[in-house]
Amino acid sequence: MKQVKILDKEFKLFIPYEKIRSEVEKMAEKMNNELANKNPLFICILNGSFMFAAELFKRIDLLDSEITFVKLASYEGDKTTGNVKQLIGINEKIEGRTVVVLEDIVDTGITIENILKQLEGMNPKEVKIATLLLKPDALQKQVQLDYIGLEIPNDFIVGYGLDYDGYGRNLIDIYSVIND
Ligand code: IMP
Ligand code: MG
């Protein structure tokens, strides 16, 4: 599909799945090298990151790695609300662990800043941030991103886990909004 309509918006094909997959493969290879023997705990930020996290985690060949999930929400429709709601928290013991946060996209950086603050209070050994996508022009917070898949322009996108008001997450490719 070159173009899709979700609710009131039209979207055009932006990043084909093959491109996403090759970026994820590169990221996984880097992590396999850098996180060896570190007993890493991956934390996937739901909902948007579930597809990226699954794609990445099955390529992590470190047998001492774990994955868990937190649920945060900051977006309503196609805009960030600026505050982050925590819907499911962290139950794992973080103290002394190497933690790798998996995010679908870093936009303003508010979500990542929020989770970093929470994690810091739990005394991890180190925290790394991995994001499939980054919108550099939207970034408002100074956050250190350790693994970045692709940098993209400041346009609203859907697909591959990312949604518009709950819809579009099942699209295999990533689509960007046609100017509204
Ligand atoms: P931030 O807190 O502004 O960095 O936004 C991060 C969260 O907002 C991401 O985890 C996404 O779930 C959501 N988000 C940001 N940009 C988009 C987009 O273009 N499409 C869909 N969701 C987005
Ligand atoms: Mg998200």
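Read the numbers this way: they start at 1 and go in the same order the structure lists the ligands and their atoms.
Ligand 1 lies within reach of Lys135, whose nearest heavy atom is under 4.0 Å from it.
Checked by atom type, the side-chain pair Glu92/Thr68 shows a donor-acceptor distance below 3.5 Å.
Heavy atoms from both the backbone and the side chain of Thr108 come within less than 4.0 Å of ligand 1. Contacts between Val158 and ligand 1, counted as non-hydrogen atom pairs separated by less than 4.0 Å, are absent for every part of the residue.
Using bins of under 30°, 30° to 60° and over 60° for the plane-to-plane angle, the ring pair Tyr160/Tyr17 lands in the tilted bin. Between Tyr164 and Phe156, the ring planes lie perpendicular to each other; the angle is over 60°, past the 30° to 60° tilted range.
Counting heavy atoms only, Asp104 comes closest to atom 10 (O) of ligand 1 of the residues Ile45, Asp104, Thr131, Thr111.
A salt bridge links Arg97 with Glu66: the distance from a Lys NZ or Arg NE/NH1/NH2 to an Asp or Glu carboxylate oxygen falls below 4.0 Å. Residues Lys26 and Glu23 are paired through a salt bridge, judged by an N-O separation under 4.0 Å between the basic side chain and the carboxylate.
Against a heavy-atom cut-off of under 4.0 Å, Asp163 is close to the following atoms of ligand 1: 21 (C). Within ligand 1, the atoms closer than 4.0 Å to a non-hydrogen atom of Phe156 are 18 (C), 19 (O), 20 (N), 21 (C), numbered from 1 in the order shown.
Looking at Gly109 next to ligand 1, an N or O pair under 3.5 Å apart turns up. Any N or O atom pair closer than 3.5 Å counts here, and Gly48 shares no such pair with ligand 1.
The only member of Lys30, Glu34, Lys128 that meets side chain to side chain donor-acceptor pair (under 3.5 Å) when paired with Tyr147 is Glu34.
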